[in-house]
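Throughout, residue positions are numbered sequentially from 1 according to the sequence presented. The basis for the numbers below is simple: all heavy atoms, side chains too, and nothing from hydrogens, waters or symmetry mates. First listed ligand is number 1; within each ligand, the first listed atom is number 1.
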Amino acid sequence: MAVVNARTKVVIVGAGFGGLAAAQELKGAPVDITLIDRNNFHTFQPLLYQVATSGLNPADVAYPVRGIFQRQRNLQFRRATVDAVDWPAGEVVLSGGDRQAFDHLVVAAGATVNDFGIPGVAEHGFPLSVLPDAVRLRNHILGRFEVADVDPTVVDDGGLTFVVVGGGPTGVEVAGALAELIDKVLHRDFRGSRVDVRRAQVVLVEMTDDLLPPFHPRSRRYARSTLVRRGVAVRTGTSVAEVSATRIVLADGDEIPAHTLVWAAGVKANPVAAALGVPTGRGGRVAVQADLRLADHPEAFVVGDMAAIDDGSGGLLPGVAQVAIQGGRHVARLIERSVIGEGDIHEPFRYWDKGNMATIGRRSAVAELPHDLRLTGTLAWVSWLGLHLVYLMGFRNRVSVFVNWAWNYLTWDRGARLILGSGEGEATTPADPTVDDAPPPDVA
Ligand SMILES: Cc1cc2nc3c(=O)[nH]c(=O)nc-3n(C[C@H](O)[C@H](O)[C@H](O)COP(=O)(O)OP(=O)(O)OC[C@H]3O[C@@H](n4cnc5c(N)ncnc54)[C@H](O)[C@@H]3O)c2cc1C
């Protein structure tokens, strides 16, 4: 006799912050969940910049999804890429043509890099969005020093000039960590080399007049002056007009010889947003109702970076982890209530802003917490470290990150400064900044 499974089918697309939160919140619910992600791991994006600057290993900031849900009996993980949704059939369409049926759908596929169509950024820029980006950037940065070791004349051509574009938290964090890596670690590594590592430069370019736009002016001033004290050239009020492998042209006409452009200037919704075939708004984000449902498909919700969520004052909620986590939990609760017979609940999503943080480097950070509590310096830095350890997925990762940070703090050493992959920085290609930076297959 055939067994009929009448349990409600919930499909969650994306095992990022929003998708994981929704899946975990549904742990005890009488539903069958299929969690789909193109990767078999969750990435902790806030620490990607530490992988790129050799502070952490890739495995410290990623965690296998199957491991997270080993004990959650109502969830199956499926590694697949979602291409579209067939609304009439109630199915998610996967790459290769396979389909996954749903009664309720939660889409949390996140964001991707936005190069705003600026010529050369896609070809020559180094984005920092997914784990392979961080490894690729690390390869490239370390490779530049190996190239300069063989042929110090590349320094005159910008071989050791690292331009970071975007003065938000990611750009500030990359610039600060890069300056520290060069000053405290590579400076010692290359003692005796023909290249003078002190000639390396980090330039931070921000289009608006100040860094960290959402922060209080005092925090912004602190971030800027700390970066400058650590040797970063901060250029605000100008943007990037064009990029080649060795030159960055700014909108004010200046040209910076540089072989590295780190692109931390903007994101847009993941292409899955457009594939849903529903209205989208700024940055391609999906227009959602106050309860995060789609107007034309009330069985479906969009959360996190992909969703355009009204902040109540005419703007949109920011693309940060807390918005995704709280949104994921909210829609999970609505789904559970509907499954246990309360009907379709349209309770609006209310975001609890727990504050903003950005770190600039050792014992320097800015933290803005509820009730106008603003911290800078060591206290903010320690808060930043603690918070990131708490939110990091997996006990092993927490221990590993803690040990790495303690080691880095005590010794100024960064054990993860490895060039993985072939070609980067080898003596045969001393002046060629376009050598293959592809990460090895095991991290791609
Ligand atoms: C470098 C960097 C630093 C950041 N730092 C901070 C910070 O310090 N603090 C903070 O609050 N926020 C930070 N953010 C933002 C924060 O990471 C995002 O707001 C958050 O990850 C959004 O969660 P999400 O669930 O919407 O998407 P994500 O966490 O990005 O998850 C999306 C998931 O969907 C999967 N996916 C994508 N497309 C498909 C597809 N077609 N099929 C199947 N699966 C797919 C992806 O593999 C991914 O696992 C940072 C982001 C970046 C890039």
Side-chain angles (χ1 to χ4, degrees), residues 11-23 34-53 61-65 68 77-85 92-96 100 106-114 126-134 137 164 166 168-174 177 212 214 262-276 285-286 292 302-307 309 317-329 331 353-359 365-367 384 387-388 391-393:
V11 169
I12 301 175
V13 179
F17 286 103
L20 283 193
T34 305
L35 173 61
I36 304 174
D37 200 292
R38 61 188 175 189
N39 295 318
N40 76 334
F41 55 86
H42 163 77
T43 305
F44 192 79
Q45 287 175 330
L47 290 179
L48 279 180
Y49 84 94
Q50 294 220 354
V51 175
T53 53
V61 303
Y63 200 89
V65 181
I68 298 169
F77 174 67
R78 183 159 185 184
R79 185 184 175 213
T81 299
V82 170
D83 281 347
V85 176
V92 165
V93 182
L94 307 175
S95 259
Q100 186 76 44
V106 179
V107 188
T112 187
V113 179
N114 192 354
F126 286 81
L128 198 52
S129 172
V130 292
L131 192 54
D133 289 342
L137 179 56
V164 181
T170 302
V172 165
E173 291 178 343
V174 171
L212 299 178
V262 183
W263 190 252
V267 294
K268 61 184 178 189
N270 183 292
V272 170
L276 293 180
R285 287 167 159 214
V286 176
L292 308 185
V302 179
V303 303
D305 284 2
M306 254 185 73
I309 308 171
L317 289 180
V320 294
Q322 274 302 325
V323 172
I325 292 169
Q326 293 177 31
R329 287 183 187 146
V331 305
D353 187 353
K354 296 183 180 174
N356 290 315
M357 284 184 172
T359 182
V366 291
W384 182 93
L387 195 89
H388 282 73
Y391 277 101
L392 197 59
M393 188 55 68

Side-chain donor-acceptor contact under 3.5 Å, S95 with D83: yes

Side chains of V130 and R38 in contact at under 4.5 Å (non-hydrogen atoms): yes

Passing candidate, side chain to side chain contact (heavy atoms under 4.5 Å, CB included) with R78, options L35, V11, L94: L94

Is A108 close enough to touch ligand 1? Criterion: a residue heavy atom under 4.0 Å from a ligand atom. yes

So for A324 against ligand 1, with non-hydrogen atoms under 4.0 Å, the contacting part is side chain

Do any N or O atoms from the side chain of N270 and from the backbone of V272 form a donor-acceptor pair under 3.5 angstrom? yes

Minimum-distance protein heavy atom relative to atom 30 (O) of ligand 1: Q45 NE2, 3.5 Å

Contact (N/O only, under 3.5 Å) between T81 and ligand 1: no

Does N114 offer a backbone N or O that forms a donor-acceptor pair with the side chain of W263 under 3.5 Å? yes

Ligand 1 versus N270: contacting region, heavy-atom distance under 4.0 Å: side chain

Atom of I36, atom of V92 and distance for their closest heavy-atom approach: CD1-CG1, 4.4 Å

Does the N or O separation between R38 and ligand 1 drop below 3.5 Å for any pair? yes

Would you mind listing which atoms of ligand 1 come within a distance below 4.0 Å of any non-hydrogen atom of L128? 1 (C), 53 (C)

Is atom 36 (N) of ligand 1 less than 4.0 angstrom from some protein heavy atom? yes

Decide yes or no for V320 and F17: does some side-chain heavy atom of the first lie under 4.5 Å from some side-chain heavy atom of the second? no

Whether H42 side chain and Y63 backbone form a donor-acceptor pair below 3.5 Å: no

May I ask you to check if ligand 1 and M357 share an N or O to N or O distance below 3.5 Å? no

Is any side-chain heavy atom of V323 less than 4.5 Å from a side-chain heavy atom of I309? yes

In terms of its nearest heavy atom to atom 49 (O) of ligand 1, the top option of I36, V113, D37 is D37

N/O to N/O below 3.5 Å, does that happen between A321 and ligand 1? yes

Option of least heavy-atom distance to atom 9 (N) of ligand 1 (set: G16, P46, A15): P46

For A80, the ligand 1 atoms with a heavy-atom partner under 4.0 Å come out as 42 (N), 43 (C)

If the cut-off is 4.0 Å to any non-hydrogen atom of N39, which atoms of ligand 1 fall inside it? 47 (O)

Heavy atom of P271 under 4.0 Å from ligand 1? no

At under 4.0 Å between heavy atoms, what of A358 touches ligand 1? The answer is neither

Is the shortest N/O to N/O distance between G14 and ligand 1 below 3.5 Å? no

Any F44 side-chain heavy atom under 4.5 Å of Q50 side chain: no

I want to know if ligand 1 touches V320 in the polar sense, i.e. an N/O pair below 3.5 angstrom. yes

Please report whether ligand 1 has a polar contact with T170, defined as an N or O pair separated by less than 3.5 Å (distance criterion only). no

Numbered in order shown, the ligand 1 atoms found under 4.0 Å of a heavy atom of D305 are 18 (C), 19 (O), 20 (C), 22 (C), 26 (O)

What I'd like to find out is whether the side chain of K354 reaches to under 4.5 Å of the side chain of L387, using heavy atoms alone. no

Counting both backbone and side chain atoms, is some N or O of G304 under 3.5 Å from an N or O of ligand 1? no

Report, in ascending order of atom number, the atoms of ligand 1 lying under 4.0 Å from any heavy atom of G319. 15 (C), 19 (O)

